[in-house]
There are 2 protein chains.
Amino acid sequence: MVKMSDVAEKANVSKATVSRVLRNPETVKKTTRDKVMAIIEQMNYQPNILARQFRRSETNTILVVIPNILNTVFSHILGGIEHEAGKNGYRVLLANTNKQVEKEYEFLDHLKQRQVDGMILLSARMDKGILAEVMKQYPVVLTADYLEGIPIPTVTIDNVSSGRTATEHLIKLGHSRIAHISGPLHLLVSRDRLKGYRQALLQNNLDVDNILIQEGDFSHESGYNQMTKLLALEHPPTAVFAANDEMATGVIKAAKDHGLSVPEDLAVVGFDNVKLSAIYDPGITTIAQPMFKMGNKAMELLLQQINGDDSNKTQYVLQNELVIRESCGAKQKNHG
Amino acid sequence: MVKMSDVAEKANVSKATVSRVLRNPETVKKTTRDKVMAIIEQMNYQPNILARQFRRSETNTILVVIPNILNTVFSHILGGIEHEAGKNGYRVLLANTNKQVEKEYEFLDHLKQRQVDGMILLSARMDKGILAEVMKQYPVVLTADYLEGIPIPTVTIDNVSSGRTATEHLIKLGHSRIAHISGPLHLLVSRDRLKGYRQALLQNNLDVDNILIQEGDFSHESGYNQMTKLLALEHPPTAVFAANDEMATGVIKAAKDHGLSVPEDLAVVGFDNVKLSAIYDPGITTIAQPMFKMGNKAMELLLQQINGDDSNKTQYVLQNELVIRESCGAKQKNHG
DNA sequence: ATACTAAATGTAACCGATTACATTTTACAT
DNA sequence: ATGTAAAATGTAATCGGTTACATTTAGTAT
């Protein structure tokens, strides 16, 4: 493997000059620069990045901690991160935790060992104290998930107000008996969507009936099962707000299997606006999270930290949007 | 940042001994080993991985080249890779090409510059000659996609026979006018599934009617549009084999919008067995690709190459499986 | 106690680029 | 021609582990 000193020798200059040609071309006279570049071409010299990384102790790599790659919400965010990272010459290392906290700690070591320049968490289940300690020393951004009472740069949507928007939409359509199938309640996201649901009901002088609130786990199956339970009630709901789109499909399937039509007999609103919600029959009315943009923004904030700009350690709340399709009954069935 | 020499000094041993304690503990006497380990703990010493990587010129990182993160087939394979990599102390660097060939070349440089120990391609659009050259020198495995006439280690299913299985299933159910909506025909995968479709028809003495073969792009929309075309024919098909599950959903939606029921008026078979096919209403009969296993196997083969075992540069063909759900009419509608 | 071998540890070179600092060259004014 | 500042280049230390080889220590047999 040809190295810098080989190039230097052949070009009759010092290693330092070759290095400068590559990293600070403007400090080298044009004639020497051209000469060196020619030799580099000719010898097909590739700098040893490992040596460079070691010497400069920077990796141009960031770590993305993902609870579950198979969840399209996360892959969309990942796409946004990847895009912004690529634009800035950064590479993305993947860290799949499979929802295990221990894995989060494991990947934290990468950061501490400076194997990556920064870290974006799409899930923060680890101890808040530890995280607070880490983010004092290293660039960290949190997105998709968020925490209370710790000043970590975060990019999210407002889940409380989103939950409210979704529920209010159903109220406006004339429903008063509205159920909610939540995400796992140990997640703040889930609790906030539930909070929004409650707020909407209360603000519209509707009772909050606890029997109408069921906890799911974001899976189709849990949506199906919880909806089946709800349909067995003496006074079943006429509308359901599901905390994500996949559960919404479960809800719809359960309703159909029970002989009901959606949206005629049951109105459904989901959450996320993943492709599934557009494809499903009926199309699912949902709250759109700007997933790609969240990834972009998170990476942007991380880069600021990496480049030593600590001024921006704030929380970013991006705009969400109600996307109306067929499942809520506000729109005619229609393809596209 | 505390370094190895600090530990050595405090423990009254040489750097070499500390290094050995970490990398070859069995070569160090137990008493010294314990002493050194104690100091390491006490000083909270973290070895500088960058220095190690540089010195040993290995990264314990592999690169996965993905045409599109948002496609769940690829994320499942990625999951399998990640799992196997993690088990073996390897990290996974993500390379999203967004289907651009230039990106593939760009990421090739990572490999050449030894920034990664090996590479798994989920898409090989680059020039075969270049790829052949690269794989002589570096560990490379191809999965999901494959190429003809180049002896690169590959992990796939047999797409021809899968296409045949899917089509034969429809023939057995009594259909004789069977359409095929293919993937993009510049992909070998798509051409092979089409080939299987043709073979099945011919082997069963059925005519291949070219008007029933339409090219899609794996998206729901293309499935919808092509199906709409087919339904406008004088003799529309009674069954459709779509080259992936997402297009199958488009087919089903088009049929419904045309007033037809699936499977009663139109039988549909998809391909991939992604979650969508299980969730959709009706559930989609499909060919299961063992995606996670493909990732696992690909990583396994790559590790063999990295560890210098070149004996196994072969093609792996994994088992596919027909998963029967409601969309083909062979099974009663039924949840789960 | 002695000799010899194996085990344990130490010494120092090395990986290949980067960069602070020193030196030489160039450009320009007088 | 000469002095001076700026530009260009060179010298050499450095980053922090790893490892071939040399040396010391321990273990065993005689």
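Computed from heavy atoms alone, side chains included, the values below leave out hydrogens, waters and symmetry copies. In the text below, chain A, chain B and the rest are named by the order of the sequence lines, each starting its count at 1.
- B:Tyr105 and B:Asp127 are not linked by any side-chain donor-acceptor pair at a separation below 3.5 angstrom, with hydrogens and angles left out of the test.
- Contact annotation for B:Asp6: no contact, since no heavy-atom pair falls under 4.0 Å across all strands.
- A donor-acceptor contact shorter than 3.5 Å links the side chain of A:Asp145 to the backbone of A:Ala124.
- Contact annotation: A:Tyr45 reaches the phosphate of C:dA17 (side-chain N/O to OP1 or OP2, under 4.0 Å).
- When the P atom of C:dA20 is taken as reference, atom CZ of A:Arg23 falls 12 Å away, rounded to whole Å.
- Toward the 5' end of DNA chain C, the nearer of the two residues B:Ala51 and B:Arg20, judged by each one's closest nucleotide, is B:Arg20.
- On the nucleic acid side, DNA chain D contacts chain B at distances under 4.0 Å to non-hydrogen atoms, with the end points of that region at D:dG16 to D:dT19.
- Remark: C1' of C:dG16 and CG of B:Leu50 are 13 Å apart, rounded to the nearest angstrom.
- Regarding A:Met4, its CE atom lies at a distance of 11 Å from the P atom of C:dT19, rounded to whole Å.
- Close to C:dG16, at under 4.0 Å from its OP1 or OP2, lies a side-chain N or O of A:Lys3.
- Among the heavy atoms of the strands lying under 4.0 Å from B:Thr17 are primed sugar atoms or P, OP1, OP2 only; no base atom is included.
- As judged by a 4.0 angstrom heavy-atom cut-off over every strand, A:Asn24 is placed among residues making no nucleic acid contact.
- The 5' end of DNA chain D is approached more closely, in terms of each residue's nearest nucleotide, by B:Pro47 than by the other of B:Lys29 and B:Pro47.
- Side-chain atoms of B:Tyr138 and B:Asp117 include no donor-acceptor pair closer than 3.5 Å.
- Note on ring orientation: taking the six-membered ring where Trp is involved, the planes of A:Phe54 and B:Phe54 are parallel (angle under 30°, cut-offs 30° and 60°).
- Across B:Phe107 and B:Leu63, no two heavy atoms sit closer than the pair O-CD2, 3.6 Å.
- If you check the side chains of A:Gln115 and B:Arg91, you find a donor sitting under 3.5 Å from an acceptor.
- Counting non-hydrogen atoms under 4.0 angstrom, B:Val13 reaches the backbone sugars and phosphates but no base.
- Checked by atom type, the side-chain pair A:Thr97/A:Glu106 shows no donor-acceptor distance below 3.5 Å.
- Across all strands shown, B:Ser57 has no heavy atoms under 4.0 Å from either base or sugar-phosphate atoms.
- Residues B:Thr27 and B:Arg20 bring no donor and acceptor atom of their side chains to less than 3.5 Å of each other.
- Residue B:Val28 is classed as a sugar-phosphate contact, given heavy-atom separations below 4.0 Å to backbone atoms only.
- Using a 4.0 Å cut-off between charged side-chain N and carboxylate O, A:Lys30 and A:Asp34 make a salt bridge.
- With A:Asn44 contributing its side chain and A:Ile40 its backbone, the two residues share no donor-acceptor pair below 3.5 Å.
- Between B:Arg56 atom CZ and C:dG16 atom P there is a gap of 15 Å when expressed in whole angstrom units.
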Considering only nitrogen or oxygen atoms on both sides, find all protein atoms under 3.5 Å from nucleotides 12-14 of chain C and state each distance.
from, atom 1, to, atom 2, distance (Å)
C:dC14, O2, B:Arg55, NH1, 2.7

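- Across the protein-nucleic acid pair, A:Met1 atom CE and C:dG16 atom P stand 10 Å apart, rounded to whole Å.
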